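Note that this is a predicted model, so its numbers are computed, not measured. We're numbering straight along the sequence, starting at 1.
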Amino acid sequence: MKILCVGLMVCDVMVKPCSAGMLRRDHSKVDCIDMRVGGDAFNVAANLRCLGTEHTLCSRVGSDYIGNFALDFASAAGIRTEYISVSEEPTSVSLVMLEENGERHFASQDGASQFITGKEIEDALLAEHDLLYIGSMGDLPGLAGGNLNTLLKRAKDYHMLTAMDVTGNPGPEVMEELMPSLSMIDFFLPSDYEAKRMTGCGTSEDAARRFAEFGVQNVIIKQGEKGCSYLAGETPGEFRSYPAFKTTVVDTTGAGDAFVAGFLSAYCGGYCIQECIMIASRVGAECVKAMGAGVALRHMEDYAGQLNLAERKRKG
């Protein structure tokens, strides 16, 4: 199976360590200032490459020096760039401020990748892939106004599976925007915070059931160090929780994207949903052990082997 990743590609300027007190001082020393490329779609694509899953990234950068940096960074990471278009908008940029404990805070400037519309994706590209992953809904105004619905309908015309996550601080307005499209989503992977904010529900279970009511086939809610929860739309009575793998946390940046990539890679490799969640959790735990989202992951089957899961390949 081959995955088409669509969504954010952002230049991340990472600063560590940061604290609230820094804003009250004229000058502060830090251990690290680094620039690299992130964004949900880019991170998932980069992780899929490491995990050994065929994929294509479709995003946008600006015609500026930061865009040139982003394209060079992607090429160096082994990501094909022919479907990353160059536009007149500036390149999307985020300042990533990391605390000592690995928690992070973002200050972002919207740019080219936020305004991808789906019209950039030709039918032939959809036909070549088996699964469409859309990263960073809630921060993709270009997919508003029916563009998301149109893209998903086109994907379903080519019998593609679909997966989606969200980002930022998505509130009820994002839920309202997504409602017409949720029935076309096979795998929805928001964080616990995002799921509760979107639905207004007080628990992840209630939020998952809310998404299932609108037709999502499988809801996987990421809960950080607590693990994750899963609800199948066909059997809404079976809400299950899975613990996280214990590890030393250096930086949580990109952990959710690593989880998503691990899940999708495992699913493409033929594993059942429970096994996909186990592999995804293991991959996410690997990500937080180093700074930044661009951790050098191993092949997905290596993580499956660590979990004593037998290798298999999905038929068809």
Side-chain angles (χ1 to χ4, degrees), residues 3-10 39-45 56-63 67 83-94 106 108-127 129 131-191 193-200 207 210-217 219 233 257 260:
I3 300 175
L4 177 61
C5 301
V6 176
L8 286 190
M9 179 176 178
V10 180
D40 289 2
F42 179 87
N43 289 341
V44 169
T56 301
L57 172 63
C58 183
S59 189
R60 302 171 79 201
V61 297
S63 56
Y83 296 105
I84 302 172
S85 58
V86 178
S87 69
E88 293 303 314
E89 297 102 344
T91 302
S92 307
V93 179
S94 287
F106 296 91
S108 299
Q109 169 188 285
D110 284 358
S113 67
Q114 267 87 6
F115 297 101
I116 192 167
T117 66
K119 297 175 184 177
E120 305 88 345
I121 305 171
E122 298 180 357
D123 286 351
L125 194 59
L126 296 175
H129 294 78
L131 190 151
L132 171 67
Y133 161 71
I134 301 174
S136 305
M137 282 308 302
D139 197 19
L140 293 172
L143 284 176
N147 283 342
L148 172 64
N149 208 46
T150 299
L151 177 58
L152 290 171
K153 285 180 177 178
R154 291 174 59 209
K156 287 302 179 183
D157 285 343
Y158 286 96
H159 309 290
M160 297 179 75
L161 292 169
T162 57
M164 183 170 68
D165 65 9
V166 292
T167 194
N169 295 292
E173 72 284 353
V174 174
M175 183 69 175
E176 184 175 355
E177 181 74 33
L178 292 182
M179 280 179 186
S181 303
L182 289 176
S183 62
M184 291 183 283
I185 300 298
D186 295 294
F187 304 102
F188 189 40
L189 301 103
S191 71
Y193 169 79
E194 293 160 347
K196 291 175 182 177
R197 272 191 56 87
M198 288 175 64
T199 61
R210 184 67 170 156
F211 293 127
E213 288 174 5
F214 283 95
V216 177
Q217 296 301 304
V219 183
D257 299 333
V260 171

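Applying the side-chain contact (heavy atoms from CB on, under 4.5 Å) criterion to A112, with sequence neighbours excluded, gives R60, S87, E89. Residues passing the side-chain hydrogen bond (donor to acceptor under 3.5 Å, both in side chains) test with D157, sequence neighbours excluded: none. For T91, the side-chain hydrogen bond (donor to acceptor under 3.5 Å, both in side chains) criterion is met by D64, not counting sequence neighbours. With sequence neighbours excluded, no residue forms a ring pair (Phe, Tyr, Trp, His ring centres under 6.0 Å) with F214.
Between the side chain of S181 and the backbone N or O of L148, no donor-acceptor pair lies under 3.5 Å. Proximity of a side-chain donor or acceptor of S92 to a complementary backbone N or O of V10 within less than 3.5 Å is not detected. Checked by atom type and distance alone, the side chain of E122 never pairs as donor or acceptor with a backbone atom of E120 at under 3.5 Å.
Within 6.0 Å of CD on E213 lie more than 12 heavy atoms contributed by other residues, nucleotides or ligands. At most 12 heavy atoms of other shown residues, nucleotides or ligands fall within 6.0 angstrom of atom CD in E88.
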Please list every donor-acceptor pair under 3.5 Å in which a side-chain atom of residues 133-142 meets a protein atom from a residue at least two apart or in another chain.
{"residue": "Y133", "atom": "OH", "partner": "D165", "partner atom": "OD1", "Å": "3.2"}
{"residue": "Y133", "atom": "OH", "partner": "D165", "partner atom": "OD2", "Å": "2.8"}
{"residue": "S136", "atom": "OG", "partner": "D40", "partner atom": "OD2", "Å": "3.0"}
{"residue": "D139", "atom": "OD2", "partner": "Q114", "partner atom": "NE2", "Å": "3.1"}

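Of the listed residues (L4, T56, V6), just one forms a side chain to side chain contact (heavy atoms under 4.5 Å, CB included) with Y83, and that residue is T56.
Distance CG/L131 to CG/L161: 5.0 Å, rounded to 0.5 Å.
L126 places a side-chain heavy atom less than 4.5 Å from the side chain of M160. For the pair L57 and F42, the minimum side-chain heavy-atom distance is below 4.5 Å. For the pair R210/M175, a side-chain contact is recorded, criterion being any heavy-atom separation below 4.5 Å from C-beta on.
The salt bridge (Lys or Arg N to Asp or Glu O under 4.0 Å) pairs that include a residue from residues 179-190 are K156-D186, where partners are two or more places apart or lie in different chains.
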